[in-house]
Amino acid sequence: MRTQALWFYAIYSYVLNVHAASWTAEIPQTISALLGSCVVVPCKFNYPDPPKKPPEMTGIWHMTDYQPIYHPDSSKVMEKFRGRTNLIGDLARKNCSLRINHLKKKDNGPFIFRIEIRDFKMYSYTDNMVSIDVQDYPASPLLTVSGEVKAGDAVTASCSVSHSCPTELPHLIWSRSGTTTIQSEELPNGQWRVTSSLTFTATHPDHNQHLICTAKYQQVTSVQSSKILNVAYAPVRVEVEPESTVVKEGDAVEMQCSSDSNPPAHGYQWYNTTGTLLSEEQIYKLHNVSRHTKALYCEAINTEGHKNSTPAKISVEYPPSIGAQSGCVAEITGVNCRCLVESRPASRVQWKLADGKTENSSSFHSTDGQDSATVHTLHFHLGLTDVVSCYASNKHGNVTRVLETNRGGVLMAIYLSGSAASAFVLILVILLLWKCSRRKKRDDQHVGTQENIAPAKSHRGKGPVEDPSATGGDNIYVNSETPYFEEEEEEEEVDYENSFKEDVYANM
């Protein structure tokens, strides 16, 4: 068994030595290259072992007629290839790769590699010729995008191109910003591939947009590839049409809800500003619109979410009406009238007086900020009229209301304001007559008393008082219990009353 193993090993070694000693090469038959760019022809070769190591070798590339397209001595190179070819392989490592720059349309070959080993042999690998497929335009980039995309998710896209010039990589440009990475790799048959990866966060504006990858080559026209992004997102830009509308009270109005979403909205709901659900149709119809109709908004719904529109205003116009709070109030300075008018659009208000005169409203102010309810006022002097009408009109109609002016109060105010002084004097005269009548009655009673009782003289001080009725002329001393100041006040009161009585009778 051991002898057989040694035998097989000897045969295997012999085959390897024979193969190693043969003249072989590994060169692609055809290489695609871009016009104006460069091409690198990959080449590996083998030869029998020369007797002298390391051998001195010369690598040459030539046409089928043996005209060199590359030679270490550039003077031997064909004129049309001179300065455009280089042997980039290391012959010592049995690498014979050739580079041709600024590729022209007629640089198509075929080309043959030749090795010359000094003091040994020379060999052209005619069985391994290579041809160049010179293309006018590069192939479009290969663009791929990750599967289903949703707004807010991270998206990865890749763009790759093949080329034949590893020293001049194509420049890949994306139409969208994001994070990019570049990778290059060698392919068989003299091709390389460069790949750019882009990562970004998808948003709803990306939907239906072209994601473009552009490849720029040296000295050639750029090429590009694109893909339309399909981004799923919840409704945005939910709108009500018409956004604002003007209708007359009692009319009908139709409103439609629309939205931007992917997939399209499968449901719509209508609400008023109080949150009451009104309808679940895309088109909402309102019949017999009232002035109290509130603003509306709609909600669009799809599988990704939902969103509300801004409130849509409905401006309802109607003829004027005059509120029950309208009326007139009489004061000393005159009469103030107030007319509360509700209408849309705002009404023109006039005041009509009893004598047929018409006056425009002197002032007004809005009660709700939209001129739907306004207060109009009028001021006039007392006694001018006892009937006032408020007349309001707009393009939808008119209304008149007779206002109560509180006529009794108006007359009293006129009397007070026009004859205030004389009325005051009259009241005083009445009071004085009443006072005088009371004084006269008291005086009559006082006179009747004096007929029976003789008046006694008043004596000031605390001395004795002589009583004239006493006999014998004896003095009678009477101690008065009334203080002196009381007597004086009583005397003054009698004098005042007498003088007042005299004045009154004199006036009368």
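Computed over heavy atoms, backbone and side chain alike; hydrogens, waters and symmetry mates excluded. This chain uses plain numbering: 1 for the first residue, then up along the sequence. Model, not experiment: these values are computed from the prediction.
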- Applying side chain to side chain contact (heavy atoms under 4.5 Å, CB included), run through His163 and Val194 and close with a yes or a no. CA-CA 8 Å; His163 61 97; Val194 60; 4.3 Å; yes
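- Side chain to side chain, Asn262 and Asn230 meet the donor-acceptor criterion of an N or O pair below 3.5 Å.
- Checked by atom type, the side-chain pair His379/Asn336 shows a donor-acceptor distance below 3.5 Å.
- For the pair Ser32 and Ser164, the tightest heavy-atom approach, listed with the atom from each and the gap, is O-CB, 3.4 Å.
- Side-chain contact, Asn189 with Gln191: no donor N or O sits under 3.5 Å from an acceptor N or O.
- Aromatic ring centres of Phe45 and Phe113 lie closer together than 6.0 Å.
- Inter-residue side-chain proximity for Val316 and Ile314 is flagged as met; some heavy-atom pair is nearer than 4.5 Å.
- Between the side chains of Ser124 and His62, at least one donor N or O sits under 3.5 Å from an acceptor N or O.
- Under the 3.5 Å distance criterion, with hydrogens and angles disregarded, no donor-acceptor pair is assigned to the side chains of Gln135 and Tyr137.
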Per-pair distances, 0.1 Å, donor-acceptor, side chain in residues 178-187, under 3.5 Å, sequence neighbours excluded:
unit_1 : atom_1 : unit_2 : atom_2 : d
Glu185 : OE2    : Arg193 : NE     : 3.0
Glu185 : OE2    : Arg193 : NH2    : 2.8

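- Taking 4.5 Å as the limit, some side-chain heavy atom of Val130 sits within range of a side-chain heavy atom of Trp61.
- For residues 308-342, there are no ring pair (Phe, Tyr, Trp, His ring centres under 6.0 Å) pairs, not counting sequence neighbours.
- Identified under the ring pair (Phe, Tyr, Trp, His ring centres under 6.0 Å) test for residues 230-254, with sequence neighbours left out: His204-Tyr233, His207-Tyr233.
- When atom types are taken as modelled, the side chain of Asn272 and the backbone of Lys294 share no donor-acceptor pair closer than 3.5 angstrom.
- Taken to the nearest 0.5 Å, the CG atom of Leu98 stands 12.5 Å off from the CD1 atom of Ile60.
- Between the side chains of Thr144 and Ser158, a donor-acceptor pair is found at a separation under 3.5 Å.
- No hydrogens or angles considered: a donor-acceptor pair under 3.5 Å links the side chains of Trp174 and Ser196.
- When side chains are defined from C-beta on, Leu378 does not count as touching His376, because their heavy atoms never get closer than 4.5 Å.
- A distance-only check finds a donor-acceptor pair linking the side chain of Ser97 to the backbone of Cys43 [under 3.5 Å].
- Atoms CD1 and CD, on Ile283 and Glu241 in that order, are 10.5 Å from each other to the nearest 0.5 Å.
- Counting heavy atoms from C-beta on, the side chains of Ser326 and Arg338 never come closer than 4.5 Å.
- Here the side chain of Thr293 pairs a donor or acceptor atom with the backbone of Ser290 at under 3.5 angstrom.
- Side-chain contact check for Asn95 and Lys44: no donor-acceptor pair (N or O, by modelled atom type) lies under 3.5 Å.
- Around the CD atom of Glu281, the shell of radius 6.0 Å holds no more than 12 heavy atoms that belong to other residues, nucleotides or ligands.
- Judged by distance alone, the side chains of Ser258 and Arg237 never bring a donor and an acceptor atom under 3.5 Å apart.
- For residues 124-167, the pairs satisfying disulfide (SG to SG under 2.5 Å) are Cys38-Cys165, Cys159-Cys213, with sequence neighbours left out.
- Here the side chains of Asn128 and Glu26 are not in contact, with every heavy-atom distance at 4.5 Å or above.
- Residues Tyr391 and Asn398 are in side-chain contact: their nearest non-hydrogen atoms beyond the backbone lie under 4.5 Å apart.
- Among pairs with a residue in residues 79-92, those fulfilling side chain to side chain donor-acceptor pair (under 3.5 Å) read Glu79-Arg82, Arg84-Asp107, at least two apart in sequence or across chains.
- Using a distance-only test at 3.5 Å, with no hydrogens or angles considered, a donor-acceptor pair links the side chain of Ser343 to the main chain of Ser347.
- Residues Lys313 and Ala295 come closest through the heavy atom pair CA-CB, 4.5 Å.
- Summarising the geometry, atom CG belonging to Leu35 is positioned 11.5 Å from atom CG belonging to Asp133; distances are rounded to the nearest 0.5 Å.
- Side chain of Glu249 to main chain of Arg291: a donor-acceptor pair is present (N/O by atom type, distance under 3.5 Å, no hydrogens or angles).
- For the atom pair NZ (Lys150) and OG1 (Thr201), the distance works out to 15.5 Å, reported to the nearest 0.5 Å.
- A salt bridge links Glu317 with Lys395: the closest approach of a Lys/Arg side-chain nitrogen to an acidic carboxylate oxygen falls below 4.0 angstrom.
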- Item | Intermediate values then yes/no, side chain to side chain contact (heavy atoms under 4.5 Å, CB included), Val388 and Val402 | CA-CA 6 Å; Val388 177; Val402 178; over 6 Å; no
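- Ring centroid separation for the pair Trp270 and Tyr284 comes in under the 6.0 Å cut-off.
- Looking only at distances, no side-chain donor or acceptor of Thr377 sits under 3.5 Å from a matching main-chain atom of Cys337.
- Using a 4.5 Å heavy-atom threshold, the side chains of Thr358 and Leu353 count as separate.
- For Lys105 (side chain) and Val134 (main-chain N/O), a donor-acceptor pair under 3.5 Å exists by modelled atom type.
- Here Ile27 contributes atom CD1 and Ile112 contributes atom CD1; the two are 9.5 Å apart, rounded to the nearest 0.5 Å.
- Here the closest heavy-atom approach between residue Asn302 and residue Pro263 is recorded as ND2-O, 2.9 Å.
- Contacts classified as disulfide (SG to SG under 2.5 Å) and involving residues 271-318 (residues at least two apart or in different chains) are given here: Cys257-Cys298.
- The SG atoms of Cys390 and Cys339 sit under 2.5 Å apart.
- Panel note: side chain Ser315, backbone Val246; no donor-acceptor pair is recorded below 3.5 Å.
- Here CG of Leu34 is found 12.0 Å from OG of Ser162. Values are rounded to the nearest 0.5 Å.
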- Item | Audit row: Lys307, Glu299, side chain to side chain contact (heavy atoms under 4.5 Å, CB included) steps and yes/no | CA-CA 6 Å; Lys307 186 177 178 62; Glu299 179 184 43; over 6 Å; no
